[in-house]
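Structure, as C-alpha cells:
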Amino acid sequence: MRLGILITTNRHLAYVLGLTNAAISKGHEVNIFNMDEGVKLLGEPSFRQLCGTKGVTMAYCDHSTEMLHVPDVKEGLPKDIICGSQFNNATMFHEADRVINL
C-alpha cells in the first residue's frame, strides 16, 4: 500500500514520525508532501531524517517557503527531499491508496 501524508501544519511532528514508522514497519510506502505551515517541519532534524528511510519519499512546496518567509528551512536539506510545487502534491494524491492530512 502507498500512504500519502499531506502536512499543512507544524503542530504534529510526533504523529508524522509515528505514522511513517508504523507504515514502513508494515512494508508500506510513504509519500510526504509539506505545504503551508507544514514546511516549517523541514527545520526539524528528526523530520529530515525520514527521507533516508527506505520506502519514504518527501517533497515540499517551494512557494509556501517563500510566502511564509522561511527559505532558511531549505538550508542543508538532504538532496532526497524534493523542492517542488503543487504538482508534487497532485502526484502524491494520484499515486496514494490512502492520504492522511495533518
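All residue numbers in this chain count up from 1 along the given sequence.
- When each of Ile7, Thr9, Leu102, Ile32 is checked for a side-chain contact (heavy atoms from CB on, under 4.5 Å) with Leu41, only Ile7 meets the rule.
- In this structure, Val16 and Leu50 have side chains that are in contact, with non-hydrogen atoms separated by less than 4.5 Å.
- With hydrophobic clusters built from ILVMFWY side chains whose heavy atoms lie under 4.5 angstrom apart, Phe93 does not share a cluster with Val56.
- Atom CE of Met1 has more than 12 heavy atoms from other residues, nucleotides or ligands within 6.0 Å.
- By the ring-ring contact (aromatic ring centres under 6.0 Å, His included) test, Tyr15 is found to be paired with His12, residues two or more places apart in sequence or in another chain being considered.
- With contacts defined as side-chain heavy-atom distances shorter than 4.5 Å, the pair Ser85/His63 does not qualify.
- Of all the heavy atoms in Lys40 and Asn10, the pair that sits closest is CD-ND2, 3.6 Å.
- For Asp36 against Ser64, the heavy-atom pair with the smallest separation is N-OG, 2.9 Å.
- The nearest pair of heavy atoms linking Asn31 to Met92 is O-SD, 3.2 Å.
- Considering only heavy atoms from C-beta on, Met35 comes within 4.5 Å of Asn89 through its side chain.
- The minimum heavy-atom distance between Gly4 and Ala96, with the atom names listed, is N-CB, 3.8 Å.
- Residues Leu3 and Leu17 share a single hydrophobic cluster, defined by chaining ILVMFWY side chains whose heavy atoms lie under 4.5 Å apart.
- For the ring pair (Phe, Tyr, Trp, His ring centres under 6.0 Å) condition, no pair includes a residue of residues 22-45, sequence neighbours left out.
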